[in-house]
Amino acid sequence: MDAILTIVDVTGSTNDDLLEAGKQGAPHGTGLAARAQTAGRGRRGHKWDSTAGNLLLSIVLRPCVNPAKYSGLAAVSGLAVLEALEKQGLANEIGLKWPNDLVARGHKLGGILVEAARDSIGMPFAVCGIGVNVNYTPQEVPDGGLAAIGLSDLNENVPAVDVLLEEVYHAVVGAVDAWAERLNTMEDNAGPLAPVHDEYIAHLNWIGKNVIARSPAGDELARGIFRTVDDYGRASIETESGLCVFHFEEASLRPLSD
(Lines give C-alpha, C1' and ligand atoms only; values in the text may rest on other atoms or scores of the structure.)
Protein backbone atom coordinates (compact mmCIF):
# COMPACT_ATOMS: atom_id res chain seq x y z
CA MET A 1 0.00 0.00 0.00
CA ASP A 2 1.49 3.31 -1.05
CA ALA A 3 -0.77 5.35 1.22
CA ILE A 4 1.04 7.47 3.76
CA LEU A 5 0.46 9.70 6.75
CA THR A 6 1.31 13.36 6.12
CA ILE A 7 1.60 15.87 8.96
CA VAL A 8 1.11 19.58 8.26
CA ASP A 9 1.39 22.54 10.63
CA VAL A 10 -2.00 24.04 9.91
CA THR A 11 -4.99 23.57 7.60
CA GLY A 12 -8.67 24.45 7.58
CA SER A 13 -10.01 20.94 8.15
CA THR A 14 -8.20 17.64 7.59
CA ASN A 15 -11.57 16.03 6.80
CA ASP A 16 -12.32 18.61 4.09
CA ASP A 17 -8.83 18.18 2.62
CA LEU A 18 -9.19 14.40 2.44
CA LEU A 19 -12.77 14.47 1.12
CA GLU A 20 -11.30 16.46 -1.77
CA ALA A 21 -8.32 14.10 -2.11
CA GLY A 22 -10.64 11.07 -1.95
CA LYS A 23 -12.77 12.47 -4.76
CA GLN A 24 -9.56 12.66 -6.81
CA GLY A 25 -8.84 8.99 -6.08
CA ALA A 26 -6.59 9.11 -2.97
CA PRO A 27 -6.08 5.46 -1.91
CA HIS A 28 -7.34 3.64 1.17
CA GLY A 29 -5.24 4.58 4.19
CA THR A 30 -4.24 8.06 3.02
CA GLY A 31 -3.75 9.96 6.27
CA LEU A 32 -3.48 13.68 7.01
CA ALA A 33 -2.74 15.15 10.43
CA ALA A 34 -2.52 18.83 11.39
CA ARG A 35 -0.91 20.45 14.38
CA ALA A 36 -3.77 22.98 14.29
CA GLN A 37 -6.95 23.52 12.26
CA THR A 38 -8.75 26.77 11.54
CA ALA A 39 -12.12 25.20 10.62
CA GLY A 40 -12.30 21.92 12.55
CA ARG A 41 -15.77 20.49 13.02
CA GLY A 42 -17.51 17.71 14.87
CA ARG A 43 -20.75 15.81 14.52
CA ARG A 44 -23.83 17.80 13.41
CA GLY A 45 -21.64 20.70 12.30
CA HIS A 46 -20.47 21.59 15.81
CA LYS A 47 -17.23 23.53 15.85
CA TRP A 48 -14.29 21.41 17.04
CA ASP A 49 -11.73 23.48 18.94
CA SER A 50 -8.54 22.64 17.05
CA THR A 51 -5.90 24.59 18.93
CA ALA A 52 -2.33 23.27 18.66
CA GLY A 53 -1.22 20.56 21.12
CA ASN A 54 -3.82 17.93 20.31
CA LEU A 55 -4.23 14.97 17.98
CA LEU A 56 -6.06 15.98 14.79
CA LEU A 57 -6.11 13.24 12.16
CA SER A 58 -8.19 12.19 9.14
CA ILE A 59 -7.91 9.01 7.06
CA VAL A 60 -9.35 8.02 3.68
CA LEU A 61 -11.05 4.62 4.02
CA ARG A 62 -12.11 2.42 1.13
CA PRO A 63 -13.16 -0.83 2.85
CA CYS A 64 -14.43 -3.49 0.45
CA VAL A 65 -17.91 -3.64 2.00
CA ASN A 66 -21.38 -2.50 1.01
CA PRO A 67 -21.33 1.31 1.56
CA ALA A 68 -24.58 0.91 3.52
CA LYS A 69 -22.36 -0.65 6.22
CA TYR A 70 -20.12 2.42 6.53
CA SER A 71 -22.13 3.40 9.60
CA GLY A 72 -20.01 0.86 11.52
CA LEU A 73 -16.81 2.82 10.86
CA ALA A 74 -17.16 5.23 13.80
CA ALA A 75 -17.42 2.40 16.35
CA VAL A 76 -14.56 0.47 14.72
CA SER A 77 -12.37 3.59 14.67
CA GLY A 78 -13.25 4.48 18.27
CA LEU A 79 -12.20 1.03 19.45
CA ALA A 80 -8.96 1.35 17.45
CA VAL A 81 -8.13 4.71 19.06
CA LEU A 82 -8.72 3.14 22.49
CA GLU A 83 -6.44 0.25 21.55
CA ALA A 84 -3.69 2.64 20.42
CA LEU A 85 -3.93 4.60 23.68
CA GLU A 86 -3.94 1.34 25.63
CA LYS A 87 -0.62 0.36 23.99
CA GLN A 88 0.81 3.59 25.36
CA GLY A 89 -0.59 2.85 28.82
CA LEU A 90 -2.98 5.79 28.58
CA ALA A 91 -6.42 4.14 28.39
CA ASN A 92 -7.14 3.16 32.02
CA GLU A 93 -9.99 5.61 32.53
CA ILE A 94 -11.19 6.00 28.94
CA GLY A 95 -14.43 4.63 27.54
CA LEU A 96 -16.65 5.14 24.50
CA LYS A 97 -19.83 7.20 24.44
CA TRP A 98 -22.52 6.21 21.95
CA PRO A 99 -22.24 6.81 19.12
CA ASN A 100 -18.78 8.26 18.54
CA ASP A 101 -17.03 10.02 21.41
CA LEU A 102 -14.16 9.11 23.75
CA VAL A 103 -14.88 9.98 27.37
CA ALA A 104 -13.03 9.92 30.70
CA ARG A 105 -14.17 10.94 34.18
CA GLY A 106 -17.50 12.01 32.70
CA HIS A 107 -15.75 14.47 30.36
CA LYS A 108 -15.22 14.44 26.60
CA LEU A 109 -11.72 13.38 25.58
CA GLY A 110 -12.20 13.05 21.85
CA GLY A 111 -14.58 12.60 18.97
CA ILE A 112 -14.85 10.76 15.67
CA LEU A 113 -16.54 12.10 12.55
CA VAL A 114 -17.07 9.77 9.57
CA GLU A 115 -18.20 11.32 6.29
CA ALA A 116 -19.04 9.23 3.23
CA ALA A 117 -18.70 10.38 -0.37
CA ARG A 118 -18.10 9.12 -3.91
CA ASP A 119 -15.04 9.83 -6.01
CA SER A 120 -14.88 11.13 -9.58
CA ILE A 121 -15.53 7.65 -11.01
CA GLY A 122 -18.41 6.95 -8.66
CA MET A 123 -16.59 4.69 -6.20
CA PRO A 124 -17.66 5.06 -2.56
CA PHE A 125 -15.21 6.03 0.16
CA ALA A 126 -15.29 7.53 3.63
CA VAL A 127 -13.12 9.96 5.56
CA CYS A 128 -12.70 9.28 9.26
CA GLY A 129 -11.74 12.34 11.29
CA ILE A 130 -10.34 11.81 14.78
CA GLY A 131 -9.77 14.51 17.37
CA VAL A 132 -8.25 13.71 20.78
CA ASN A 133 -7.42 16.30 23.44
CA VAL A 134 -3.80 15.69 24.46
CA ASN A 135 -2.12 18.80 25.90
CA TYR A 136 -4.79 21.44 25.35
CA THR A 137 -8.25 21.22 26.90
CA PRO A 138 -10.95 23.31 25.17
CA GLN A 139 -12.96 25.46 27.61
CA GLU A 140 -15.97 26.00 25.39
CA VAL A 141 -18.76 23.44 25.91
CA PRO A 142 -21.33 22.94 23.10
CA ASP A 143 -25.01 23.13 24.09
CA GLY A 144 -25.88 20.07 26.13
CA GLY A 145 -22.37 18.73 25.61
CA LEU A 146 -19.83 17.37 28.05
CA ALA A 147 -16.99 19.51 29.37
CA ALA A 148 -13.60 18.55 27.90
CA ILE A 149 -10.64 16.71 29.41
CA GLY A 150 -7.19 15.97 27.96
CA LEU A 151 -4.83 12.99 28.10
CA SER A 152 -2.37 15.12 30.08
CA ASP A 153 -5.10 15.66 32.73
CA LEU A 154 -5.34 11.86 33.13
CA ASN A 155 -1.67 10.88 32.92
CA GLU A 156 1.62 12.29 34.18
CA ASN A 157 3.62 11.16 31.17
CA VAL A 158 2.04 11.52 27.76
CA PRO A 159 4.12 10.76 24.63
CA ALA A 160 4.61 13.40 21.96
CA VAL A 161 1.55 13.96 19.76
CA ASP A 162 3.46 12.68 16.70
CA VAL A 163 4.09 9.35 18.46
CA LEU A 164 0.39 9.04 19.29
CA LEU A 165 -0.53 10.00 15.72
CA GLU A 166 1.48 7.13 14.26
CA GLU A 167 -0.04 4.65 16.72
CA VAL A 168 -3.61 5.84 16.14
CA TYR A 169 -3.20 5.99 12.35
CA HIS A 170 -1.93 2.40 12.06
CA ALA A 171 -4.46 1.10 14.60
CA VAL A 172 -7.42 2.60 12.71
CA VAL A 173 -6.34 1.38 9.26
CA GLY A 174 -5.62 -2.11 10.65
CA ALA A 175 -8.93 -2.24 12.54
CA VAL A 176 -10.94 -1.16 9.49
CA ASP A 177 -9.26 -3.81 7.33
CA ALA A 178 -9.97 -6.53 9.93
CA TRP A 179 -13.59 -5.34 10.31
CA ALA A 180 -14.20 -5.41 6.56
CA GLU A 181 -12.71 -8.90 6.27
CA ARG A 182 -14.90 -10.25 9.09
CA LEU A 183 -18.02 -8.48 7.84
CA ASN A 184 -17.60 -10.10 4.43
CA THR A 185 -17.65 -13.58 5.99
CA MET A 186 -21.04 -12.86 7.58
CA GLU A 187 -24.59 -13.00 6.22
CA ASP A 188 -25.61 -10.10 3.98
CA ASN A 189 -28.08 -8.91 6.61
CA ALA A 190 -25.45 -8.73 9.39
CA GLY A 191 -25.40 -5.28 10.97
CA PRO A 192 -22.37 -3.01 10.47
CA LEU A 193 -21.31 -3.44 14.11
CA ALA A 194 -21.62 -7.25 14.11
CA PRO A 195 -17.85 -7.96 13.86
CA VAL A 196 -17.02 -5.72 16.84
CA HIS A 197 -20.31 -5.71 18.75
CA ASP A 198 -19.22 -7.43 21.98
CA GLU A 199 -16.00 -5.43 22.23
CA TYR A 200 -17.89 -2.19 21.55
CA ILE A 201 -20.47 -2.89 24.28
CA ALA A 202 -17.69 -3.81 26.72
CA HIS A 203 -16.14 -0.33 26.34
CA LEU A 204 -19.38 1.65 26.20
CA ASN A 205 -20.17 4.07 29.03
CA TRP A 206 -23.47 4.13 30.93
CA ILE A 207 -24.79 0.69 29.94
CA GLY A 208 -27.25 -0.29 32.70
CA LYS A 209 -27.37 3.32 33.94
CA ASN A 210 -30.10 5.96 33.75
CA VAL A 211 -29.72 8.27 30.77
CA ILE A 212 -31.58 10.97 28.87
CA ALA A 213 -31.83 10.79 25.07
CA ARG A 214 -31.93 14.20 23.43
CA SER A 215 -32.65 15.18 19.84
CA PRO A 216 -30.12 17.18 17.76
CA ALA A 217 -32.14 20.28 18.76
CA GLY A 218 -31.72 19.40 22.45
CA ASP A 219 -35.27 18.22 23.12
CA GLU A 220 -35.74 15.33 25.52
CA LEU A 221 -36.85 12.21 23.63
CA ALA A 222 -36.76 9.64 26.41
CA ARG A 223 -35.28 8.84 29.79
CA GLY A 224 -34.63 5.43 31.27
CA ILE A 225 -32.04 2.68 31.54
CA PHE A 226 -29.52 2.38 28.68
CA ARG A 227 -29.75 -1.33 27.88
CA THR A 228 -27.61 -1.95 24.81
CA VAL A 229 -26.66 -0.99 21.26
CA ASP A 230 -27.61 -3.44 18.51
CA ASP A 231 -25.59 -4.60 15.49
CA TYR A 232 -26.96 -1.67 13.52
CA GLY A 233 -25.71 0.86 16.05
CA ARG A 234 -29.15 1.64 17.50
CA ALA A 235 -29.35 2.43 21.22
CA SER A 236 -32.07 0.79 23.33
CA ILE A 237 -33.42 2.63 26.35
CA GLU A 238 -35.85 0.99 28.73
CA THR A 239 -38.41 3.60 29.80
CA GLU A 240 -41.43 3.32 32.06
CA SER A 241 -43.64 2.97 28.99
CA GLY A 242 -41.49 0.41 27.17
CA LEU A 243 -38.33 0.12 25.10
CA CYS A 244 -37.27 3.09 22.95
CA VAL A 245 -34.77 2.53 20.15
CA PHE A 246 -32.78 5.39 18.60
CA HIS A 247 -30.61 5.54 15.50
CA PHE A 248 -27.38 7.50 16.05
CA GLU A 249 -28.60 10.35 13.81
CA GLU A 250 -31.72 10.80 15.94
CA ALA A 251 -30.31 11.20 19.41
CA SER A 252 -27.39 11.59 21.76
CA LEU A 253 -27.25 10.35 25.34
CA ARG A 254 -26.38 12.03 28.62
CA PRO A 255 -26.21 10.41 32.04
CA LEU A 256 -29.13 11.32 34.27
CA SER A 257 -27.61 13.38 37.05
CA ASP A 258 -28.50 12.17 40.53
Side-chain angles (χ1 to χ4, degrees), residues 12-16 19 37-51 54 56 58 70-75 77-78 81 93-116 126-133 136-150 153 192-193 200-201 203-230 232-258:
S13 156
T14 55
N15 258 39
D16 286 349
L19 279 166
Q37 291 181 134
T38 56
R41 64 182 192 279
R43 189 162 160 252
R44 298 187 179 137
H46 285 150
K47 180 177 177 290
W48 183 271
D49 189 334
S50 305
T51 304
N54 290 341
L56 305 164
S58 295
Y70 279 11
S71 59
L73 286 169
S77 301
V81 175
E93 299 181 71
I94 304 171
L96 298 174
K97 180 174 95 64
W98 180 84
N100 59 348
D101 285 345
L102 295 159
V103 288
R105 297 182 190 171
H107 289 58
K108 182 167 176 170
L109 178 77
I112 288 162
L113 176 69
V114 176
E115 297 179 286
V127 172
C128 176
I130 299 156
V132 180
N133 301 326
Y136 167 78
T137 308
Q139 297 306 306
E140 200 178 315
V141 180
D143 289 344
L146 298 174
I149 198 167
D153 298 319
L193 263 62
Y200 181 65
I201 296 294
H203 288 91
L204 208 51
N205 272 28
W206 311 328
I207 293 274
K209 302 276 172 60
N210 280 293
V211 296
I212 296 180
R214 292 194 185 279
S215 73
D219 301 320
E220 183 176 321
L221 302 173
R223 63 172 62 200
I225 298 170
F226 183 19
R227 285 299 178 202
T228 192
V229 170
D230 68 13
Y232 288 85
R234 297 172 297 208
S236 295
I237 297 169
E238 185 185 319
T239 71
E240 286 178 357
S241 52
L243 205 61
C244 290
V245 178
F246 296 103
H247 196 262
F248 65 86
E249 285 160 351
E250 299 172 318
S252 59
L253 304 183
R254 293 287 176 271
L256 192 60
S257 40
D258 300 332

Closest heavy-atom pair, Ala148 versus His107, reported as atoms and distance to 0.1 Å, is O-CD2, 3.5 Å
Could you go through the side-chain contact (heavy atoms from CB on, under 4.5 Å) check for Ile201 and Val229 one step at a time?
CA-CA 7 Å; Ile201 296 294; Val229 170; 4.0 Å; yes
Rounded to the nearest 0.5 angstrom, the OG1-CG distance for Thr239 and Asn210 is 11.0 Å
Gly233 and Leu193 have their tightest heavy-atom pair at CA-CD2, 3.9 Å
d(Glu93 CD, Ile149 CD1) to nearest 0.5 Å is 7.5 Å
Evaluate Ile237 against Leu253 for side-chain contact (heavy atoms from CB on, under 4.5 Å), listing each step before the verdict.
CA-CA 10 Å; Ile237 297 169; Leu253 304 183; 3.6 Å; yes
* **Side-chain (Asn205) to main-chain (Lys97) donor-acceptor, under 3.5 angstrom** => no
Between the CD atom in Glu115 and the CG atom in Asn15, the distance rounded to the nearest 0.5 Å is 5.0 Å
Closest heavy-atom pair, Ile212 versus Arg223, reported as atoms and distance to 0.1 Å, is CD1-NH2, 3.6 Å
d(Ser236 OG, Ile225 CD1) to nearest 0.5 Å is 12.5 Å
So, Asp230 side chain and Arg234 main chain: donor-acceptor pair closer than 3.5 Å or not?
yes
In this structure, CD1 of Ile94 is separated from CZ of Arg105 (nearest 0.5 Å) by 10.0 Å
Tightest non-hydrogen contact, residues Ile112 and Ile130, listed as CG1-CG1, 4.2 Å
Closest non-hydrogen contact found for Ser13 with Ala39 is CB-O, 3.6 Å
To the nearest 0.5 Å, atom CG of Leu256 lies from atom CH2 of Trp206 at 11.5 Å
Tightest non-hydrogen contact, residues Ala235 and Phe226, listed as CB-CE1, 3.8 Å
Between Gln37 and the options Thr14, Asp16, Asn54, the side-chain hydrogen bond (donor to acceptor under 3.5 Å, both in side chains) test singles out Thr14
The side chain to side chain contact (heavy atoms under 4.5 Å, CB included) partners of Leu96 (sequence neighbours excluded) come to Leu79, Leu82, Leu102, Tyr200, His203, Leu204
Next item on the list: Taking the side chain as every heavy atom from C-beta outward, state whether Phe246 and Leu221 have any atom pair closer than 4.5 Å.
Entry: yes
Practice prompt. Under the side-chain contact (heavy atoms from CB on, under 4.5 Å) rule, what do Leu73 and Cys128 come out as? Steps first, then yes or no, please.
Written response: CA-CA 8 Å; Leu73 286 169; Cys128 176; 6.0 Å; no
(Q) Side chains of Leu146 and Arg254, heavy atoms from C-beta outward: is any pair under 4.5 Å? (A) yes
